[in-house]
Amino acid sequence: MTSLRLHDSMRRQKVAFEPLQPGKVGMYVCGPTPYAPAHIGHAYSAISFDTIRRSLKFLGFDVRYVRNITDVEDKIIKAAHESNEDPMALAARFTDDYNRDMARFNVMAPDIEPKVSTHIAEIIALIEKLVANGSAYATEGDVYFECDTFKPYGQLSGQSLEDLRAGASDRELVEKSKKSSADFALWKAAKPGEPFWDSPWGKGRPGWHIECSAMTHSHLGETFDIHGGGKDLIFPHHENEIAQSQGAYGTNTFARHWMHNGFLNFGGVKMSKSLGNVFGCGEIAKAVGGEALRFFCVKHHYRSPIDFEVEEIRSADGTPTGVRFRSLEAADRDLEYFYITLQKIDAFGAGDDGAVLPDAEKLITSAREALADDFNSPKVMAALHEAATLANKLLAEGKGLDKQLRKRSIARLGKDLRTVGDSLGIFSADPAVYLRERRARLVERKGIDVAVVEGLLAERVAARAAKDYARGDAIRTELGGLGVELLDTPQGTDWRVHDDAS
RNA sequence: GGAGCCAUCGCCAAGUGGUAAGGCAAUGGUCUGCAAAACCAUCAUUCCCCGGUUCAAAUCCGGGUGGCUCCUCCA
């Protein structure tokens with residue numbers, strides 16, 4: 001097993017990863033609050049940690065991956081009231097939606113997907129423990145965690161309680177029943193019309209943070225290896241989780257490593273509803289395909305903020321008619337190169353057993369080294385490109401090479417491209433299916449009439465058969481004007497949509 | 001006000017003390033009836049600016065400039 005180094009948000013540097021049990025990883029990632037359709041930001045976070053999970057597997061670890069669903073929360077209740085729907089039903093609906101959307105991006109289902117609603121007893125037990133040991137106090141049906149009882153508070157986010165109080169008082173957020181503005185709710189008394197559960201403090205529901213402390217404990221134990229989530233969750237969510245869990249179980253418990261992924265920005269600006277730059281997963285998948293987004297994400301390092309180019313399309317009179325995802329379109333072009341290469345490799349056939357060219361067996365090692373260095377997926381991309389280039393070279397030119405050695409090497413490259421691709425969640429589609437779907441997307445985007453194309457194509461085949469090259473070239477030019485490129489091969493003529501940046 | 005991040009070729013993007021990965025684009029070439037695809041070659045003496053530390057800095061320190069995020073629901 002390769003020794004792994006990862007960036008730990010708590011220590012703010014790359015550290016050696018030492019799992020509690022050799023070869024095993026217990027990992028918890030904060031999942032969504034399902035109150036609306038998932039957007040591309042949810043996807044980025046899910047993809048980032050799915051890639052880490054897959055990479056850990058690739059590196060030889062046995063991973064237990066837990067991703068929660070916050071199905072009891074203010075936003076759900078609010079959305080349910082607006083749509084006159086039962087909150088739990090609404091959450092269940094959007095949970096299914098979320099999982100279906102993530103599947104578009106090859107995000108694997110978690111090993112365990114705990115929900116707040118099925119962990120109420122564990123949550124109450126944890127709160128009781130905190131009340132009993134003096135870390136929390138009940139007031140008017142609410143229970144708050146008292147931050148002053150937890151000395152290390154603020155370690156993860158680098159905030160001090162004094163600074164936080166100063167900031168809070170400016171905004172008049174001090175709730176009357178709290179001892180201090182920094183204290184946060186573990187349990188909230190139910191208001192009329194809200195879902196509730198019975199508890200020692202009356203009818204109510206859990207606060208936002210406590211679920212993760214309870215669920216990690218249930219499914220991974222007091223101490224586990226990795227806790228992950230989006231950068232925005234560092235404060236207050238993860239800070240509060242630490243306070244709760246360590247307040248209950250001791251300061252050497254809870255997550256041994258913290259990992260956070262960067263944000264997705266649009267033109268250098270954060271995504272937000274007010275700026276109108278929130279894009280749904282379905283919209284992305286329809287425009288460029290799910291794998292293009294995945295590919296785009298893993299081309300970047302998970303900790304970097306990634307910038308996303310979106311262009312508004314307007315008709316001649318200036319009316320917005322849609323958007324183009326330029327960065328994703330570019331990623332899709334890059335992805336196509338790999339699928340075309342894989343298709344050619346597959347068609348070339350398998351070789352017999354035996355040695356391969358030295359350069360044809362470097363990919364796995366390169367990928368392992370790159371991923372073991374804080375999951376450097378962009379570095380893996382470079383290795384994938386090198387391997388694909390070599391495969392294409394061997395496919396095009398067999399001169400001076402032993403026939404079987406060449407065949408074995410090409411087959412090996414194909415196998416390793418898929419193995420390494422799998423560690424990033426890419427290249428798992430059938431090349432023919434991918435290429436067919438991609439062409440369909442481009443036909444749609446460019447408004448190409450397939451019947452016209454195929455008619456001209458048939459005409460050109462006839463002209464070339466009659467050695468009427470002038471007519472054939474004229475048709476090529478005509479199709480070029482429609483945005484269609486012809487690919488003459490020994491097997492016949494295929495066509496593709498010319499995909500430049502325009 | 002407090003906490004933190006980022007700035008690397010026209011564009012995207014790794015690299016965080018040892019002498020600038022990779023992709024796109026571009027240019028030339030091979031192949032092709034012509035093309036496309038594919039392959040080959042060329043493409044940052046330099047990493048926002050100014051100082052400093054060091055035998056050695058894109059990488060460390062100090063000071064600027066520009067951009068961004070968190071502290072409030074947020075992936």
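In what follows, every heavy atom counts, from backbone to side chain, and hydrogens, waters and symmetry copies are set aside. Lettering follows sequence order; numbering is per chain, from 1.
Scanning atom types as modelled, one donor and one acceptor separated by under 3.5 angstrom connect the side chain of A:D488 and the base of B:C34. Interface remark: the A:R333 side chain does not form any donor-acceptor pair with the B:C24 base, using a distance-only criterion of under 3.5 Å. If you check distances only, the side chain of A:N376 never reaches the base of B:G15 with a donor-acceptor pair under 3.5 Å.
If you take atom C1' in B:G28 and the same atom in B:G33, they sit 23 Å apart, rounded to whole Å. Taking atom C1' in both B:A14 and B:A58, one finds a spacing of 12 Å when rounded to whole Å. Comparing B:G17 with B:C61, their P atoms sit 11 Å apart, to the nearest whole Å. Remark: the separation of the C1' atoms in B:A75 and B:A56 is 42 Å, to the nearest Å. Comparing B:G18 with B:A57, their C1' atoms sit 9 Å apart, to the nearest whole Å. For the P atoms, the distance linking B:U8 with B:G67 amounts to 14 Å, nearest Å. Taking atom C1' in both B:C24 and B:U19, the straight-line distance is 27 Å, to the nearest Å.
For the side chain to side chain donor-acceptor pair (under 3.5 Å) criterion with A:N68, the lone passing option out of A:K115, A:E113, A:E211 is A:E211. Tested against A:H260, the residues A:K231, A:H238, A:H7 include a single side chain to side chain donor-acceptor pair (under 3.5 Å) partner, A:H238.
Aromatic pair A:F279/A:F325: centroids less than 6.0 angstrom apart. The ring of A:F308 has its center closer than 6.0 angstrom to the ring center of A:F296.
B:A75 has no stacking from A:Y44 on its base ring, since the centres under 5.5 angstrom apart and planes within 30 degrees of parallel are not both found.
Shown here, B:C24 forms a base pair with B:G10; the pair counts as Watson-Crick or G-U wobble because both key distances fall under 3.5 Å. The pairing partner recorded for B:C31 is none, the criterion being a Watson-Crick or G-U wobble arrangement whose two distances lie under 3.5 angstrom. Base pairing analysis places B:C60 opposite B:G52; the two distances defining the Watson-Crick or G-U wobble pair are each below 3.5 Å. Here B:C70 sits opposite B:G2 as a Watson-Crick or G-U wobble pair (both hydrogen-bonding atom distances under 3.5 Å).
Taking only side-chain nitrogens and oxygens, A:Y302 never comes nearer than 4.0 Å to OP1 or OP2 of B:A14. The phosphate of B:A14 has OP1 or OP2 within less than 4.0 Å of a side-chain N or O from A:S304. OP1 or OP2 of B:C40 lies within a sub-4.0 Å distance of a side-chain N or O belonging to A:K393. Remark: A:T389 is in phosphate contact with B:C39, judged by side-chain N or O atoms under 4.0 Å from OP1 or OP2.
Backbone-only contact: A:D232 has heavy atoms under 4.0 Å from sugar-phosphate atoms and none from a base. Within the 4.0 angstrom heavy-atom criterion, base atoms lie near A:Q159. Nucleic acid contact class of A:F235 (heavy atoms, under 4.0 Å, all strands): sugar-phosphate only. When heavy atoms are screened at a 4.0 angstrom cut-off, A:L395 is found touching no nucleic acid atom at all. Residue A:K344 is classed as a sugar-phosphate contact, given heavy-atom separations below 4.0 Å to backbone atoms only.
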(request) Let me have a per-nucleotide readout for nucleotides 5-11 of chain B, 5' to 3', with B, S or -, counting only protein heavy atoms under 4.0 Å. (result) -------
